[in-house]
Each structure stands twice: as C-alpha cells, then as structure tokens.
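Notes for the one structure printed next.
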There are 2 protein chains.
Amino acid sequence: MARSGVPSRPRASTSARHNTRQALIEAAVEVLKSRGFNGASARAIATEAGVNQALVFYHFGTVAALLLAALDEVSARRLRRYTTELAEVTDPASLIALATKVFREDIDSGDIAVLAEMIAGSSSAPELGAEVAKRIAPWKDFASLAIESGFSTSGLVSLLPIGAVSHAAVALYLGLEMLSHLDGDRTGATLLFEQLARLAPVLDVICVPAKTTDKEGTQ
Amino acid sequence: MARSGVPSRPRASTSARHNTRQALIEAAVEVLKSRGFNGASARAIATEAGVNQALVFYHFGTVAALLLAALDEVSARRLRRYTTELAEVTDPASLIALATKVFREDIDSGDIAVLAEMIAGSSSAPELGAEVAKRIAPWKDFASLAIESGFSTSGLVSLLPIGAVSHAAVALYLGLEMLSHLDGDRTGATLLFEQLARLAPVLDVICVPAKTTDKEGTQ
DNA sequence: GTCTATACTTGGATAGAC
DNA sequence: GTCTATCCAAGTATAGAC
C-alpha cells in the first residue's frame with residue numbers, strides 16, 4: 001500500500017499517446033482474455049505490448065497492480081458503453097434487447113472474460129479480492145439502474161427487490177460468460193436471450209395499467 | 001491422451017483406504033478451494049496431502065490430470081447428494097427450498113468454487129477446456145431434471161424452455177458462487193433465495209389448475 | 001510405491017548502463 | 001524511460017536409490 005519504491009506515476013499530460021504505460025494496460029487486457037489470469041505473467045504481457053519486461057515493474061510495481069489497472073480499463077470502457085445505450089431503455093422489451101446486444105458484444109470482445117478471470121484469480125492472491133470487489137460494485141449499480149429504467153413505467157418498480165434482482169443479473173452474466181467461454185460458443189446463452197425476448201411482451205402488459213392510470217407522468 | 005508413460009492406475013481393490021492416490025485427490029480439492037487454480041501446484045497439493053511431490057507425477061502423470069480427478073470427485077459427490085434430495089421435489093416451492101439448501105451447502109463447503117476455478121483455469125490450459133466441459137454436462141442434466149420435477153404437476157412443464165432455463169440455472173449458480181467467494185459472504189445470494197421463496201406460492205398457484213383437472217395422476 | 005536429488009523452465013523483481 | 005543482465009523463488013518433470 002505505502003510502497004514508496006514505486007516511482008511517481010508518469011504524467012499523462014505529455015503527449016499522452018503511444019504511452020508505454022497505456023500499451024501495457026492494453027496488453028494486459030489482451031493476455032487476460034487469451035491466456036487467463038494464470039497466463040498473465042509480466043513477461044507474457046510485456047511481449048504482447050512489444051516492450052521490455054522490466055517496464056511492468058517500473059510502471060506498476062507489481063504484476064497484480066497492472067492486472068487491476070487492466071480491469072479498471074475494461075470496466076470503465078464497458079460501463080461507458082452501457083450507460084450510453086441505457087438512455088434508450090424505457091420498458092422491459094427494450095431492456096431485454098439491450099441486455100442481449102451488450103452480452104453478445106461482451107462475449108465476442110472478451111471483456112467479461114477479463115472480469116471473470118480476475119474474480120477467479122483473486123483466490124490465489126488474497127490481497128486482490130478486496131480490490132476486485134471494489135471494481136465489481138459499479139456493475140451492480142449499473143444493473144440496478146438498468147432494471148429500474150426497464151420497469152419505470154410499471155407500478156411494479158417499487159415492489160421489485162432491485163437489490164436481489166441486480167445481484168442475480170450480474171451473477172447470471174458472469175456465469176453465462178464462463179460457460180460460453182468453456183464451450184467455445186454462445187448458443188446456450190443465445191437461446192436464453194431468445195426466451196427472454198419472448199417473455200418481454202408479457203412483462204410489457206403488466207406495465208400497461210400503470211401507464212393508463214398515470215395521466216401526467218411527471219415521474 | 002495416449003500417454004503410455006503413465007503407469008497403470010493403482011488398483012483400488014487392495015486395501016482401498018488411506019490410498020495415496022485418493023489422498024492426493026482430496027488434497028487437490030482442498031487446495032483448489034483455498035488457493036484457487038493458480039495456487040494448485042504439485043508442490044502445494046503434495047504438501048497438503050503430506051506426501052512427496054514426485055508422487056503427483058507417479059500417480060497422475062501431470063498436475064492437470066490430478067486437477068481433473070479432483071473435479072470428478074466433487075462433481076460425483078455433489079450430484080449424488082443432489083439426486084438424493086431431488087426425490088422430495090414435487091412442486092416449485094420444494095424446488096426452491098432444495099436449491100436454497102444445496103446452495104448454502106455448496107458455498108460453505110467450497111465445492112462449487114472448485115468448479116468455478118477449473119472453468120476459469122481452462123483459459124490458461126486449452127487442453128483442459130474440453131475435459132472440464134465434459135464434466136459440466138451432468139450438472140446441466142441435473143438442473144433439467146430438477147426443473148422438470150419442480151413443475152411436474154403443472155401443464156407448464158411442456159411449455160417451459162427447459163434447455164434455456166437449466167443453462168441459466170447453472171450459470172446463475174456459478175456466478176453467485178463467484179460473487180459470494182469474492183465478497184467473502186453470501187448475503188447477496190441469500191437475499192436472492194429469500195425473494196425466490198416469496199415467489200414460490202405464486203408459481204404453485206399456476207400449478208393448481210393442472211392438479212385439479214388431472215384426476216388420475218398416472219404420470 | 002515412495003523418497004531424494006536434480007535438471008530444466010518460467011516468473012517476479014532489482015541493479016545499473018544508456 | 002527503457003534496456004540488458006542477473007538473482008532468486010517456484011514450478012514441472014524425471015532418474016534412480018530404497
């Protein structure tokens with residue numbers, strides 16, 4: 001924590017592009033995707049980035065710190081993307097459509113795999129656990145927000161146990177990614193989202209009464 | 001696969017108890033739980049078992065093979081337990097009660113963590129992927145069976161997309177375990193199961209019509 | 001079957017030249 | 001800031017004595 005041996009972080013102000021630090025982060029993301037937590041060694045990451053292995057320690061002090069920076073990177077990237085799309089969500093059908101779309105993207109890009117690998121990897125490095133947990137929290141918050149948006153036109157929103165549902169949503173998302181990754185294909189998850197899509201009209205109907213009895217719509 | 005250098009597996013017939021082979025499997029399970037896939041080295045496992053490191057290679061040829069044997073062990077143990085309990089399941093409420101109970105057991109025992117670690121670890125050892133996938137299949141089969149049992153009194157059972165639902169169930173189970181393990185507590189999952197329990201009576205009501213119109217009940 | 005000893009490899013991390 | 005060189009710890013795996 002108070003690791004004074006680590007040099008002051010290089011400033012992003014000067015030039016900012018083709019930064020070695022940033023290249024290492026991107027490389028760490030790639031290696032986590034392709035070789036998992038286990039394969040994410042300083043040497044493997046540095047090779048991927050095309051730089052010297054010693055630079056990992058110069059810029060991040062430890063491999064674990066670089067891995068956390070990589071998790072921050074994909075986490076921020078994904079949440080930015082999700083939040084943009086969330087503006088379009090007003091009912092259950094559009095919520096499910098969004099979930100389906102972003103899940104496809106996440107599986108294909110491998111971004112969720114980074115999350116899953118870091119969570120699983122936390123077992124072998126206890127000090128990682130707390131840090132990874134911190135970075136999962138925003139995903140839960142986003143899930144809560146998305147669910148609230150999807151059911152905002154329904155009186156149900158106050159009855160829904162948002163906390164439990166969003167916890168389940170994050171867990172399901174993680175589990176689906178792991179199974180997809182294992183099988184090498186995402187047909188299992190795709191079928192599930194198709195079934196959810198069929199369910200959407202039913203949920204929309206539940207929302208209609210709230211709409212018809214709410215003539216002003218200030219909230 | 002055709003690894004002829006591996007000695008013929010020691011017979012279980014002679015004495016069968018306090019077998020080193022079995023001790024290594026149990027130790028591998030323990031280390032996978034406590035230190036994850038990453039920490040599951042031949043040395044760590046042998047130390048846990050109180051035997052020499054070289055015996056890992058004598059009995060299993062490679063560390064990966066031992067890890068797969070460990071996965072077989074918990075997989076068989078858990079499915080045996082689940083299947084026994086499944087006899088009690090006849091409606092949605094009892095299905096949810098069973099799921100709640102076994103999930104608590106699985107989290108506390110760490111058995112699901114073994115599964116999760118092996119899946120995540122497959123990324124760093126491609127040849128593991130297919131072998132792990134083989135061992136997940138029975139879990140999906142069990143989930144299908146459990147869901148069919150839970151909804152057997154309902155006409156809904158033929159409408160339910162069993163494949164998609166059981167895939168989701170396994171994924172959710174896995175994801176919940178990972179999040180629980182990360183947080184160090186299972187309150188998130190516990191709250192979810194409480195909500196599911198509240199939902200059970202509703203699902204039971206859906207089943208009633210099927211019961212009342214079915215006066216014979218041969219199936 | 002089990003142990004000791006050892007060969008070889010990979011990985012984390014640091015020192016010091018440039 | 002980056003590179004070379006190096007140290008040391010840990011890991012896989014094998015040979016050979018018992």
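What you see below is based on every heavy atom in this structure, not just the backbone, and it leaves out hydrogens, waters and symmetry mates. We name chains A, B, ... by the order of the sequence lines, and we start the count at 1 in each one.
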Once you apply a heavy-atom cut-off of 4.0 Å, does B:Val63 come out as touching a base, just sugar-phosphate, or nothing?
sugar-phosphate

Should we count CZ of A:Arg198 as having more than 12 external heavy atoms under 6.0 Å?
no

[X] [atom1] to [N] [atom2], straight-line distance once rounded to whole Å:
| X | N | atom1 | atom2 | result |
| --- | --- | --- | --- | --- |
| B:Arg43 | C:dG11 | CZ | P | 15 Å |
| A:Leu24 | D:dT2 | CG | C1' | 11 Å |
| A:Phe60 | D:dG1 | CZ | C1' | 14 Å |
| A:Asn38 | C:dT10 | CG | P | 15 Å |
| B:Tyr58 | C:dA5 | OH | P | 21 Å |
| A:Phe37 | C:dG11 | CZ | C1' | 13 Å |
| A:Phe57 | D:dT4 | CZ | P | 16 Å |
| A:Leu55 | C:dG11 | CG | P | 17 Å |

Stretch residues 45-54 of chain B: residues that reach within less than 4.0 Å of DNA chain C through a heavy atom:
B:Asn52, B:Ala54

[Y] backbone acceptor or donor facing [X] side chain under 3.5 Å:
| X | Y | result |
| --- | --- | --- |
| A:Arg81 | A:Arg77 | no |
| B:Arg104 | B:Thr100 | no |
| B:Lys33 | B:Ser109 | yes |

Below 4.0 Å: OP1/OP2 of C:dT10 and any side-chain N or O of A:Ser41
no

Respond yes when some side-chain nitrogen or oxygen of A:Thr62 is under 4.0 Å from OP1 or OP2 of C:dA13, and no when none is.
no

Provide the closest heavy-atom pair for [X] versus [Y] in the form atom of the first, atom of the second, distance.
| X | Y | result |
| --- | --- | --- |
| B:Ser152 | B:Ser149 | OG-O, 3.0 Å |
| A:Glu117 | B:Ala120 | OE2-O, 2.8 Å |
| A:Ala164 | B:Gln195 | CB-CG, 3.7 Å |

